[in-house]
Amino acid sequence: MKIALVGLGRTGEVVARYLLQKGALSMVMCRPNSSKVNKDLGSILNMQETGIIVEPTDHLEERLFYRKPDIVIDFSCSSFLRDNINTLAKCGVSVVTAVTGYDAAEINKIRNVAEKGNIGVVMAPNITYGVNILMLMAEIAAELMSDYDFEIFEEHHKYKKDAPSGTAKKIADKIRNNGMTYREIPTHAVRAGGIVGKHKVLVCGEYDQLEISHESFSRVAFAQGAYKAAQFIYDKKGFYEMNDIFEYEKRQRSLIMSECRAEQTLAELDLA
Ligand SMILES: NC(=O)c1ccc[n+]([C@@H]2O[C@H](COP(=O)([O-])OP(=O)(O)OC[C@H]3O[C@@H](n4cnc5c(N)ncnc54)[C@H](OP(=O)(O)O)[C@@H]3O)[C@@H](O)[C@H]2O)c1
């Protein structure tokens, strides 16, 4: 699997290191006027030369044609995919986008292109495994504790542009959908220092309360999630979110379990 990474900011640099370790990174792209363009990735990451020269995102079709990546992992900003999703579809390059802050029109455009079926897209404003488990737990709480008050708290570093985070918005949607309520879920955002990412759902009743929380203490957690999503989308087309990956893995696991059980029954019959 050949991966092209777009965006070499705070998270992109960590993702680049991780993908290099996995031997999966073949191309890195940055904004055309970025000072990182035309430099060896190794010199940017303070490591030995990698042979991967950072390219600008202009003339994308020609670049993709020449490098032939299977998947683009996007840690840049919403304008990259908004402006280039049609080119990626034309070149048959699937996408994992971790970017947050897309507006509804941008999401619709990306979804429509993916659903035409030439490429796969994983849209993951919530890319860590743990925060997806938090969402599953919040869904259960919303279903079973619908008379409790739900509030969301999130904290990120001071450079994060969008607030509340894409993940916080998604948690609120899931609580509303599962609690079958249209009321707003209050969301509180903190932007301070170097906080990597924290989300907490407070479920508060008159006499007791429940807290569900997740914290990323290294951006490697984002890199792991993005790589997992890339492995998933490699042989698929269409539009997916991270929970589709977990559902798929659950189905695969139960398939393996039932095959094991069938083999065990056959072995027992043989012995009898
Ligand atoms: N889903 C998740 O769980 C998750 C986790 C972490 C981050 N994120 C998201 O990932 C994105 C990046 O985060 P970050 O913290 O790394 O931000 P950042 O430090 O600001 O880095 C963004 C990088 O993207 C580049 N860039 C911006 N616009 C571009 C474009 N149109 N084409 C190509 N490159 C472009 C920037 O280049 P310049 O330096 O030249 O401006 C910079 O290198 C944000 O949307 C963030 O919310 C999501």
Side-chain angles (χ1 to χ4, degrees), residues 4-19 27-39 41 44-45 54-61 63-64 69 72-85 87-88 93 95-103 106-107 110 121-135 154-171 189 191-199 214-230 232-233 240-243 245-246:
L5 174 68
V6 186
L8 260 189
R10 279 173 293 271
T11 315
E13 287 194 6
V14 177
V15 176
R17 263 179 205 278
Y18 184 86
L19 294 175
M27 179 180 189
V28 174
M29 285 179 281
C30 256
R31 223 201 284 264
N33 52 3
S34 165
S35 58
K36 294 171 182 164
V37 163
N38 288 332
K39 290 192 176 148
L41 178 61
I44 294 162
L45 301 181
V54 177
E55 297 179 52
T57 48
D58 56 1
H59 308 291
L60 186 64
E61 189 173 339
R63 293 183 194 283
L64 295 175
V72 160
I73 292 183
D74 185 7
F75 274 94
S76 63
C77 79
S78 55
S79 64
F80 172 75
L81 213 49
R82 182 192 66 209
D83 297 344
N84 293 298
I85 185 71
T87 305
L88 288 157
V93 180
V95 185
V96 172
T97 174
V99 167
T100 59
Y102 291 111
D103 64 30
E106 288 167 342
I107 294 174
I110 296 165
V121 172
V122 179
M123 180 163 279
N126 42 280
I127 206 144
T128 61
Y129 197 89
V131 90
N132 281 278
I133 305 300
L134 176 148
M135 283 191 221
E154 59 100 339
E155 297 176 19
H156 285 90
H157 54 88
K158 61 186 170 192
Y159 304 105
K160 185 166 175 64
K161 289 176 191 125
D162 51 324
S165 68
T167 302
K169 287 189 206 158
K170 201 160 184 137
I171 296 169
R191 295 286 172 268
I195 303 169
V196 175
K198 278 187 183 182
H199 289 89
H214 172 263
E215 177 175 359
S216 300
F217 17 82
S218 163
R219 289 188 170 82
V220 176
F222 306 141
Q224 280 178 330
Y227 186 58
K228 189 183 191 62
F232 168 82
I233 205 67
Y240 300 89
E241 296 179 302
M242 286 306 275
N243 62 315
I245 302 179
F246 299 120

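Atoms within each ligand, like the ligands themselves, are counted from 1 in listed order. Every value quoted in this text rests on a predicted model; they were computed, and no experiment measured them.
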Legend entry - Interfacing atoms of ligand 1 (cut-off 4.0 Å, heavy-atom, G9): 16 (O), 19 (O), 21 (O), 23 (C), 42 (C), 43 (O)
Inset, instruction - Examine the proximity of ligand 1 to K160 and report which part, side chain or backbone, both or neither, has a heavy atom under 4.0 Å away. - result: side chain
Legend entry - Atom of V196, atom of H156 and distance for their closest heavy-atom approach: O-CD2, 3.4 Å
Legend entry - Under 3.5 Å: donor-acceptor pair, side chain of R31, backbone of T57: no
Inset, instruction - For atom 29 (C) of ligand 1, find the nearest protein heavy atom and state the residue, atom name and distance (0.1 Å precision). - result: S76 CB, 3.8 Å
Inset, instruction - For residues A163 and E154, report the shortest heavy-atom separation together with the two atoms involved. - result: CA-OE2, 4.4 Å
Inset, instruction - Give the residue and atom name of whichever protein heavy atom lies nearest to atom 47 (O) of ligand 1, and the separation in Å to one decimal. - result: T100 OG1, 2.6 Å
Inset, instruction - Just jot down the ligand 1 atoms closer than 4.0 angstrom to any heavy atom of S79, in number order. - result: 31 (N)
Legend entry - Nearest-option assignment for atom 16 (O) of ligand 1, heavy atoms, candidates V14, T11, L5: T11
Inset, instruction - Of all the heavy-atom pairs spanning G12 and L5, show the shortest one and how long it is. - result: O-CD2, 3.4 Å
Inset, instruction - Verify the neighbour count for atom NE2 of H59: are there more than 12 heavy atoms of other residues, nucleotides or ligands below 6.0 Å? - result: no
Legend entry - Subset of ligand 1 atoms that lie under 4.0 Å from at least one heavy atom of V6: 33 (C)
Inset, instruction - Considering heavy atoms of the protein only, find what lies nearest to atom 41 (O) of ligand 1 and give residue, atom and distance to 0.1 Å. - result: R31 NH2, 2.6 Å
Inset, instruction - Considering heavy atoms of the protein only, find what lies nearest to atom 39 (O) of ligand 1 and give residue, atom and distance to 0.1 Å. - result: K36 NZ, 4.9 Å
Legend entry - Ligand-residue contact atoms, ligand 1 with G7, heavy atoms, under 4.0 Å: 24 (O)
Inset, instruction - Please state which part of A124 comes within less than 4.0 Å of ligand 1, counting heavy atoms only: side chain, backbone, both or neither. - result: backbone
Inset, instruction - Below 4.0 angstrom from a heavy atom of S34, which ligand 1 atoms are there? Numbered from 1 as shown, please. - result: 40 (O)
Inset, instruction - Note the single closest protein heavy atom to atom 19 (O) of ligand 1, along with its residue, its atom name and the distance in Å. - result: R10 N, 2.9 Å
Legend entry - Per atom 28 (N) of ligand 1, closest listed option by heavy atom (S216, C77, A226): C77
Legend entry - Main-chain N/O of L8 paired with K36 side-chain donor or acceptor, under 3.5 Å: yes
Inset, instruction - Ignoring hydrogens and angles, state whether a donor on the side chain of N132 or N243 is under 3.5 Å from an acceptor on the partner side chain. - result: no
Inset, instruction - Specify the closest pair of heavy atoms between P164 and A189, including all atoms of both residues, with the distance to one decimal. - result: CA-CB, 4.3 Å
Inset, instruction - Under 4.0 Å from a heavy atom of L8: give me the atoms of ligand 1 that qualify, with their elements. - result: 43 (O)
Inset, instruction - Have a look at ligand 1 and work out which part of V131, if any, has a heavy atom under 4.0 Å from it: side chain, backbone, both or neither. - result: neither
Legend entry - Numbering as shown, the atoms of ligand 1 that approach V99 to under 4.0 Å (heavy-atom distance): 45 (O)
Legend entry - R63 side chain vs P56 backbone, donor-acceptor pair below 3.5 Å: yes
Inset, instruction - Heavy-atom distances under 4.0 Å are what count here, so tell me which part of F75 touches ligand 1: side chain, backbone, both or neither. - result: both
Inset, instruction - List the atom of S165, the atom of R191, and the distance in Å for their closest heavy-atom pair. - result: N-NH2, 3.8 Å
Legend entry - Atoms of ligand 1, numbered as shown, that sit under 4.0 Å from any heavy atom of A98: 1 (N), 2 (C), 4 (C), 8 (N), 9 (C), 48 (C)
Inset, instruction - Would you verify that at least one protein heavy atom lies under 4.0 Å from atom 26 (N) of ligand 1, or report that none does? - result: yes
Legend entry - Shortest non-hydrogen separation from D162 to G101 and the atoms involved: OD2-N, 3.9 Å
Legend entry - Donor-acceptor contact present, side-chain S76 to main-chain C30, <3.5 Å: no
Legend entry - Expected output: side-chain D74 to main-chain G7 donor-acceptor under 3.5 Å: no
Legend entry - Proximity of T57 to ligand 1 by residue part, where a heavy atom lies under 4.0 Å: side chain
Inset, instruction - Distance to 0.1 Å, residue and atom name: give those for the protein heavy atom nearest to atom 3 (O) of ligand 1. - result: I127 N, 3.1 Å
